[in-house]
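Before any comments, here is the structure.
Quantities reported herein were computed from a predicted structural model and do not represent experimental measurements.
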Amino acid sequence: MALLVALVIKTFMIQVFVIPSGSMEQTIQVGDRVLVDKLTPWFGSEPQRGDVVVFKDPGGWLESDRKPSHDGPVLSGAKQALTFVGLLPSDNEQDLIKRVIGIGGDTVECCDAQGRLTVNGHPVEEPYLAPGNPPSRQPFKVTVPKGRLWVMGDHRDVSADSRFHMGNPGQGTVPLTDVVGRAFVIAWPLDRFHQLDEPSSLSSLAATSQPGGTTPESMGVGPVPTEPPLVMGVLGILPLVFRRPGRPPK
């Protein structure tokens, strides 16, 4: 019964992920465990600007190297069974974590005359950026197609985000169908336990009525970094319910 409950929770409700890289510092640090809401998307909830989301690799975003397993058939089978129910991390995870900056129809550009990121022409204050990081060292402008997201890490100088994959299919945007869920709380370590709220500078922006999708303009040439995938954390049941703040109707 405990294994069944663990499987149901991991599959449909909440999943724990361990952060392997510094691409979301200082908001989320290496080794933090975040809880990801997988339930509300079943009821039609979609990511909004400012959300921190976990999503599947759209293709070519992650490190491709995989260490060979030296486990025997019995140990390998036992690990696969425990991984399936969420009691062991998987060696084949293909997930990333970033902040949503633009949703379908938005035009995201960097940078304006003051060096700020803009969304639909409105400058965005970004207090969550890692110290010393500008909004972007590479200029870009993109209109996000409908049904897709433009995502960026909070540690912009080390984040292999949408900016660095504009030559991939989707021009660096992430399809909504690849979104696993919204990271809503840092659960571990305990001294960093806190809820991940949307920054008002992004959540307060008005919806755009622009038609969805144009080809992004060229950006500065730079290296295309890769990142390690998120690691699925050991599942736990918390006696807490976190409610998402309501939004005004569009």
Side-chain angles (χ1 to χ4, degrees), residues 17 19 21-30 32-37 40-41 45-55 96-144 148-164 172-174 176 179-187 191-208 210 227 230 242-250:
F17 288 92
I19 306 303
S21 76
S23 69
M24 283 297 294
E25 292 175 341
Q26 298 294 327
T27 306
I28 306 174
Q29 298 181 8
V30 176
D32 283 354
R33 284 159 173 76
V34 297
L35 301 186
V36 174
D37 169 22
T40 54
S45 175
E46 293 186 355
Q48 300 297 317
R49 303 182 198 96
D51 284 348
V52 176
V53 295
V54 170
F55 56 95
L96 300 104
I97 186 166
K98 303 291 177 194
R99 188 181 299 277
V100 176
I101 302 298
I103 59 177
D106 284 347
T107 296
V108 184
E109 184 175 3
C110 196
C111 298
D112 67 5
Q114 285 73 45
R116 297 170 298 184
L117 186 79
T118 66
V119 178
N120 301 327
H122 300 283
V124 177
E125 298 298 330
E126 299 188 276
Y128 44 77
L129 290 183
N133 278 213
S136 180
R137 297 190 190 276
Q138 299 84 21
F140 66 88
K141 182 178 181 179
V142 59
T143 299
V144 184
R148 303 185 77 92
L149 305 170
W150 179 267
V151 298
M152 300 175 74
D154 290 355
H155 196 168
R156 298 283 162 81
D157 282 348
V158 302
S159 178
D161 50 39
S162 289
R163 297 168 296 163
F164 291 95
T173 59
V174 176
L176 289 174
V179 175
V180 174
R182 180 180 65 91
F184 66 97
V185 74
I186 296 175
D191 61 352
R192 288 184 41 74
F193 185 96
H194 67 275
Q195 190 166 349
L196 295 170
D197 295 319
E198 297 170 351
S200 59
S201 57
L202 283 168
S203 61
S204 62
L205 291 176
T208 177
Q210 298 174 359
E227 295 188 13
L230 296 184
F242 293 88
R243 294 189 61 189
R244 188 174 189 175
R247 291 191 184 83
K250 296 181 178 178

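Salt-bridge check for Asp154 with Lys98: failed, with every basic side-chain N at 4.0 Å or more from each acidic carboxylate O.
Interatomic distance, Arg33 CZ to Phe193 CZ, rounded to the nearest 0.5 Å: 14.5 Å. To the nearest 0.5 Å, atom CD1 of residue Ile101 and atom CZ of residue Arg163 are 10.0 Å apart. If you take NE2 on His155 and CD on Glu25, they are separated by 6.0 Å, rounding to the nearest 0.5 Å. Between Phe140 atom CZ and Phe164 atom CZ the span is 10.0 Å, to the nearest 0.5 Å. Rounded to the nearest 0.5 angstrom, Asp161 CG and Ser23 OG are separated by 8.0 Å. Distance OH/Tyr128 to OG1/Thr27: 8.5 Å, rounded to 0.5 Å.
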Pair Val100-Gln48, side-chain contact (heavy atoms from CB on, under 4.5 Å): steps then yes or no: CA-CA 7 Å; Val100 176; Gln48 300 297 317; over 6 Å; no
Ile97 vs Phe17, side-chain contact (heavy atoms from CB on, under 4.5 Å): CA-CA, chis, key distance, verdict: CA-CA 10 Å; Ile97 186 166; Phe17 288 92; over 6 Å; no
Check against side-chain contact (heavy atoms from CB on, under 4.5 Å), Val36 and Phe184: CA-CA 6 Å; Val36 174; Phe184 66 97; 5.8 Å; no
Working for side-chain contact (heavy atoms from CB on, under 4.5 Å), residues Ile103 and Arg49: CA-CA 7 Å; Ile103 59 177; Arg49 303 182 198 96; 4.1 Å; yes
Thr40 vs Arg182, side chain to side chain donor-acceptor pair (under 3.5 Å): CA-CA, chis, key distance, verdict: CA-CA 9 Å; Thr40 54; Arg182 180 180 65 91; 5.7 Å; no
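Here the side chains of Val179 and Val54 are not in contact, with every heavy-atom distance at 4.5 Å or above. At a threshold of 4.5 Å between non-hydrogen side-chain atoms, the residues Leu149 and Val144 do not count as touching. In this structure the side chain of Leu176 reaches within 4.5 angstrom of the side chain of Glu46, judged on heavy atoms.
Partners of Ile186 by side-chain contact (heavy atoms from CB on, under 4.5 Å), not counting sequence neighbours, listed by chain and number: Ile28, Asp32, Val34, Arg192, His194, Leu196. Listed by chain and number, the residues in a side-chain hydrogen bond (donor to acceptor under 3.5 Å, both in side chains) with Thr118 amount to none (sequence neighbours excluded). Applying the side-chain contact (heavy atoms from CB on, under 4.5 Å) test to Arg137 and every residue at least two apart in sequence or in another chain returns Pro134, Asp157.
Nearest heavy-atom pair across Pro47 and Val53 is CB-CG1, 3.9 Å. Across Pro135 and Cys110, no two heavy atoms sit closer than the pair CB-SG, 3.9 Å. Annotation for Arg99 and Met24: closest pair N-SD, 4.1 Å, computed over non-hydrogen atoms. Closest non-hydrogen pair, Asp112 versus Pro123, comes out as OD2-CB, 3.8 Å. What you find for Gln26 and Pro131 is that their closest heavy atoms are CG-CD, 3.4 Å.
The main-chain N or O of Thr107 is found under 3.5 Å from a side-chain atom of Asn120 such that the two form a donor-acceptor pair. Between the Asp106 side chain and the Val108 main chain, no donor and acceptor come within less than 3.5 Å of each other.
Residues in residues 117-134 take part in these salt bridge (Lys or Arg N to Asp or Glu O under 4.0 Å) pairs, two or more places apart or across chains: Arg116-Glu125, Glu126-Arg156.
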